[in-house]
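Worksheet: the structure to be examined is printed underneath.
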Amino acid sequence: MNHEETRTPSNFIRNIIDADIASGKHGGRVATRFPPEPNGYLHIGHAKSICLNFGIAEDYHGTCNLRFDDTNPHKENAEFVEAIKRDVHWLGYDWGNRLFYASDYFEHLYEYAVELIKKDKAYVCDLTPEQTREYRGTLTEPGRDSPFRSRSIEENLDLFARMRAGEFRDGEKILRAKIDMAASNMNLRDPAIYRIRHGVVHHQTGEAWCIYPMYDFTHCLSDAIEGITHSLCTLEFEDHRPLYDWFLDTLDVEHHPQQIEFSRLELEYTITSKRKLTQLVDEGHVEGWDDPRMPTLAGMRRRGYTPASIRDFCDRIGVTKSTNNVEMSVLENCVREDLNQCAPRRMAVLHPLKVVIENYPEDQCETLQAANHPQDESMGVRELPFTRELYIDREDFLEVAPNKKFKRLVTGGEVRLRNAYVIRCDEVIKDGNGEIIELRCSYDPDTLSKNPEGRKVKGVIHWVSAPHAVAAEVRLYDRLFNQPNPGSDREGGEFTDHLNPESLLTLTRCYLEPNLKDAGPGDFFQFEREGYFCADPDPSHGLPVFNRTVTLRDSWAKIEKKGG
RNA sequence: UGGCGGAUCGUCUAACGGCAGGACAGAGGACUCUGACUCCUCUAAUCUAGGUUCGAAUCCUAGUCCGCCAGCCA
């Protein structure tokens, strides 16, 4: 196959859609929807669904609605609604004028419920929640009919109207679909479709309602009302499909969308359960929903992940029904690939070690030029001040080379200062504790943008001019959990037991090249030889803060590891 | 012990009865003023057992293992 332009690989859902279009089903129309409940922030798992639904709409010249599944006001709020809209937009998708709320349909849904009652397919039930559970039976035993199952249509109509009017307390009555208490599929054992909820203010409908429809009843009808053709959801709703179809077959609706289920994204070393993410925030294990260690879109944005890299990731992991556990390296590769192309290069010293160039004039300051990108000239150049006193990274100097492969600075050895001169280390200055505090070096004036005569200098290290350096705080992030599957509590432990205590390392004394002084929130860079970083919106103690998005691929670390 | 679903290189995924391919990871090498990037080479898979067929990852039969379901959550 040589369809290089075909970026989006095919999958079983697209195959179904292709077949539907070929057969003329839905008149060849494609309409999807992304239906989050506004009870938390969007995470990487939602990104998979967003890319799937909006991606299909784009490729098939169809539509994709953003619909808030807001039928449980108890857990939802307007802050989440706004955050979700912001994150979908940030990811690069636009719902145009197709923003909906399930609550837009509350009146319509109520009428459908009345229709169900009139068809003798729903009844008001007075059983307590405990009794309902007892009557439901178990996985292996059938349930028993509720004693209220045989109420007359007239009585049900009256009772349901009075439920709406607020005549009954929470839990006193529910409206149930009349299906089959002996069904092997538990969802069909007369599921609840309306419950009573007093005293909650719904973020959209306020106090207009005291009864709220359940998911199963709401979702299929919302899809039908919006003319959705393919209703894509995750695997745990597979058992609900017969119920989805039952409502649409029983009621008089114009469209009957097709529900198709795919497997949830599982990512190594992370969790994507909303309950658990909420717990991380509430218990203060992280700083908030947008903590750069969170797998939320808000967190990933703050961490420096680009929308393009997340979309690319979603393309690469594919869509199937099989259980999966995607390696972190796939995600990391996606950001590196994107950032490598578009991130300007800068120099930043994370663990400063003072270097004095003894043969460089004390009052001299040269302005050197450096490319913003080694492969992309269009990104231009920047200026770098070079002076007698510099900082290099402590990790780039060792008194004695540990092995022949070590290319950095050693006592008496030479190294190239990136974009500048070759220097030699002549003397090591230590404090009373034997700690190295300064290096005395000399430079070769004849090595600016050319190789030294008669010898080879293999190593190149980064540096900043001491008097020009911008002090900054740099935060190095590592995985939030130290277990590949922190969410699967096999041994009955809490998932928080697997939190990585070293997920955040804050460096408070870093020195950046002066060009970084004007970086604005969200600006991203490659700090050469260190990784990709982006400017955090909140300064710390007056210092600019940079977050490490991801390290560079590091083959030296592998060599070191093997050698040690 | 009920119902529904799943199983292909280490990981993710392709194949629609006809050469098991790609990506990530891993190994080796080339290049390099980033131990980055790029380039080249290599390693590596059809859950098991039968059957149908000229030919099976794909169809059939019987197993095995894994996931989901007993909210007035979604």
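Throughout, a chain's letter reflects where its sequence line sits, starting with A, and its residues are numbered from 1.
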With the criterion being N/O to N/O and under 3.5 Å, what pairs connect the protein with nucleotides 27-29 of chain B, and how long is each?
residue	atom	partner	partner atom	Å
B/G28	OP1	A/Lys562	NZ	3.2

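- Under the 6.0 Å distance and 45° angle rule, A/Arg144 counts as a cation-pi partner of A/Tyr135.
- Taking only side-chain atoms of A/Pro374, from C-beta outward, the nucleotide of B/C68, B/U34, B/G6 with the closest atom is B/U34.
- When distances run from any side-chain atom of A/Glu37 to the nucleotides B/C4, B/A74, B/A36, the shortest one goes to B/A74.
- In this structure, of B/C73, B/A36, B/U11, it is B/A36 that holds the atom nearest to the side chain of A/Ser555.
- Taking the six-membered ring wherever Trp is involved, the centroid distance between the rings of A/Phe527 and A/Phe546 falls below 6.0 Å.
- Between A/Arg529 and B/G35 there is a side-chain polar atom (N or O) within less than 4.0 angstrom of OP1 or OP2.
- Contact between the side-chain N/O atoms of A/Arg553 and the OP1/OP2 oxygens of B/C37 is found at a separation under 4.0 Å.
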Exercise. Using Watson-Crick or G-U wobble pairs with both distances under 3.5 Å, give me RNA chain B in dot-bracket, 5' to 3', with [ ] for crossers and | for pairs to another strand.
Key: .((((((..((((....[..)))).(((((.......)))))....(((((..]....))))))))))).....

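- Listed nucleotides: B/A70, B/C24, B/G71. Nearest to the side chain of A/Asn333: B/C24.
- Relative ring orientation between A/His43 and A/His46 is described as tilted, the plane-to-plane angle lying within the 30° to 60° band.
- Rounded to a whole Å, the NE2 atom of A/His43 is 12 Å from the C1' atom of B/A74.
- In the model, A/Asn333 has a side-chain atom that pairs as donor or acceptor with a side-chain atom of A/Arg316 under 3.5 Å.
- Where A/Met214 and A/Asn419 each meet RNA chain B at their nearest nucleotide, the meeting point lying more 5' is that of A/Asn419.
- Residue A/Thr140 places its side chain closer to B/G2 than to any other of B/A74, B/G2, B/G6.
- Checking B/C33, B/A74, B/C37 against every side-chain atom of A/Arg416, the shortest atom distance belongs to B/C33.
- In summary, the side chains of A/Gln526 and A/Glu528 do not present any donor paired with an acceptor at a separation below 3.5 Å, with no hydrogens or angles considered.
- With both ends at atom P, the span from B/G28 to B/G55 equals 44 Å, rounded to whole Å.
- Side chain to side chain, A/Asp446 and A/Tyr421 fail the donor-acceptor criterion of an N or O pair below 3.5 Å.
- Side-chain atoms of A/Asp239 lie closest to B/C69 of the nucleotides B/C69, B/A36, B/G10.
- Between the side chains of A/Glu266 and A/Asn325, no donor-acceptor pair is found at a separation under 3.5 Å.
- Taking the six-membered ring where the residue is Trp, A/Tyr110 and A/Phe160 present parallel rings, their angle staying beneath 30° rather than reaching 60°.
- You'll find the ring centres of A/Tyr511 and A/Tyr391 inside the 6.0 Å limit.
- Listed nucleotides B/C12, B/U13, B/C37 differ in distance to A/Thr320; the shortest reach to its side chain belongs to B/U13.
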